[in-house]
Each structure stands twice: as C-alpha cells, then as structure tokens.
Amino acid sequence: DPDGSGCLITFDDGYCNQARIAAPILEKWNRYAIFFLTTDLIANGNLLWPDRLLFWVSYVPFGRYRLAKVEFDLTADEQRPTFWSQIWRQIIQNQNSIKPIADAMEIAYPFEALQIAPKLHELRFFPLSATELSNLQDAGHLLGGHSYGHGILARLDDQTVKEDFARCLQLSEDMFN
C-alpha cells in the first residue's frame, strides 16, 4: 500500500477453494497472494494426510472410537476439536503413528462412507487444476513450494527433509513462478 501499511497474504497446500473462492475476493480488492503448493497434492491428487485424518474426525458419525492409543466417545460436534487434539498430540510425539491411525480410522468407519455435501467436498478436498494454477499465475499471484508430502518438518530427520524438498522441486518446475 502507498502508506506503507499492508500485509503478505499466503495460502497453503493447493486446494481448489483457493482459486474458486479466495482468488475472486483478492481480485475484487486488487490484492495478490502467494500460494504455497504441496506438490504431491497437485501432481498426483493425493489428499494430504492431515486433511484426510481431519476429514475423518470432522465427519465420522457419533460413536465410540479407538484409534491406536486414542479412545474417544464422540457424542456431540463440540467434542470434535478435542478428539482431533488428542490424535494430533499422538502424531506430534511419533510421526510414524500417522499410518496406524489412518488404518484404525478406516477399520472403525471407512473413509468412503463419510457423509459430506458434494460441493463442500470438492471445494475443500480437490486439488487445484492445471487451469486454475495457470489462471492464478496470469492474475499476478505467485506460486511456490510448500513441500512434497506435508510432513511435520521439525519431526523429520535432515535426510528425509532433503528428499521431500527434492521431490517437491522435481515436480514443481512447471508449476511455480
């Protein structure tokens, strides 16, 4: 802004809601953003693991669930953040618990059986398309890399971080500006 005030606007991961909802708002206000993309999501359409797990916690029907070391009696929507916090704490303590937790979720209540409005599901969990990426660039937004697989970088060893970033860069050459 001319008076020196302002902020840097960033978006994370690369879901299509960013192009379909956020970009028109930015355009209306003549603002630009940096979109940090997770390349596994963009290149391969793989739902990011935190979103997959949070999707399950957000939409699983009420009931009693045991997921690895987390047991929870879900009886109201207000309990979902607490349920998620317990799962997240376990993941932070041991990133290797992600797959066992996801597997336990699938056994307890299959992901494909979760009920969500189709339009919301698309906006929240579908990656940006090649056309949407191009349109964001054409509108003046910047596209950058977030990582390849959205690992908890502070919990990964140096070699794994290097490998993740190398995969991110390998897939990103045609995406980023």
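Starting from 1, each residue takes its place in the sequence as its number. Not measured: the values here are computed from a predicted model.
Counting heavy atoms from C-beta on, the side chains of His121 and Phe55 come closer than 4.5 Å. The closest side-chain heavy-atom distance from Trp88 to Val57 is not below 4.5 Å. Side chains of Glu132 and Arg20 form a contact here, defined as non-hydrogen atoms less than 4.5 Å apart. Between Ile91 and Trp49, some side-chain heavy-atom pair lies under the 4.5 Å cut-off. Annotation: side chain of Thr75 is not in contact with side chain of Phe62 (no heavy-atom distance under 4.5 Å). Looking at heavy atoms from C-beta onward, Asp51 lies out of side-chain contact with Leu41 at the 4.5 angstrom threshold. You'll find the side chain of Tyr15 reaches within 4.5 Å of the side chain of Leu47, heavy atoms only. Looking at heavy atoms from C-beta onward, Arg64 lies in side-chain contact with Glu71 at the 4.5 angstrom threshold.
Linking Ile, Leu, Val, Met, Phe, Trp and Tyr whenever their side-chain heavy atoms come within less than 4.5 Å puts Ile87 and Leu114 in one cluster. The hydrophobic clustering, which links ILVMFWY residues whose side-chain heavy atoms are closer than 4.5 Å, places Leu142 and Leu8 together. By the rule that hydrophobic residues join a cluster once side-chain heavy atoms approach within less than 4.5 Å of another member, Trp84 and Ile92 end up as members of one cluster.
Nearest heavy atoms, Tyr32 versus Ala139: CE2-O, 3.0 Å. Contact between Gly145 and Phe36 at its shortest, heavy atoms only, is O-CD2, 3.6 Å. Minimum heavy-atom separation, His141 to Leu26: CE1-CD1, 3.6 Å. Between Pro127 and Gly45, the shortest heavy-atom contact is CG-CA, 4.0 Å. Pro61 and Leu74 make their closest contact through O-CD2, 4.1 Å (heavy atoms, listed as atom of the first residue, atom of the second, distance). For Phe111 against Glu106, the heavy-atom pair with the smallest separation is CD1-OE1, 2.9 Å.
No more than 12 heavy atoms of other residues, nucleotides or ligands shown are found within 6.0 angstrom of CD on Gln115. The number of heavy-atom neighbours closer than 6.0 Å to CG of Asp138, taken from other residues, nucleotides and ligands shown, is above 12. Environment of CD in Glu27: sparse, with no more than 12 heavy atoms of neighbouring residues, nucleotides or ligands closer than 6.0 Å.
Side chain of Arg80 to backbone of Val60: a donor-acceptor contact under 3.5 angstrom is found. Counting only distance, with no hydrogens or angles, the side chain of Ser134 and the backbone of Ala130 share no donor-acceptor pair below 3.5 Å. Judged by distance alone, the side chain of Trp56 and the main-chain N or O of Tyr109 form a donor-acceptor pair under 3.5 Å.
Rounding to the nearest 0.5 angstrom, the gap separating the CG atom in Leu136 from the OG1 atom in Thr131 is 11.0 Å. Asn44 contributes atom CG, which lies 12.0 Å from atom OG1 of Thr38 (distance to the nearest 0.5 angstrom). Between Gln18 atom CD and Leu133 atom CG the span is 10.0 Å, to the nearest 0.5 Å. Between the NE2 atom of His146 and the CD1 atom of Ile34 there is a distance of 13.5 Å, given to the nearest 0.5 Å. The line from CG of Leu123 to CD1 of Ile116 is 9.5 Å long, rounded to the nearest 0.5 Å. How far CG of Asp73 is from CD of Gln79: 7.0 Å, rounded to the nearest 0.5 Å.
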Fill in: From CA spacing to verdict: side-chain contact (heavy atoms from CB on, under 4.5 Å), Ile9, Trp29
CA-CA 12 Å; Ile9 302 169; Trp29 293 98; over 6 Å; no
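Ionic pairing of Asp103 and Lys99 is present here: one or more N-O contacts between side-chain nitrogen and carboxylate oxygen are shorter than 4.0 angstrom.
Taking the six-membered ring for Trp, Tyr65 and Phe72 have ring centres at least 6.0 Å apart.
Of the residues Ile101, Leu67, Ile98, the one that meets the side chain to side chain contact (heavy atoms under 4.5 Å, CB included) test with Gln90 is Ile101.
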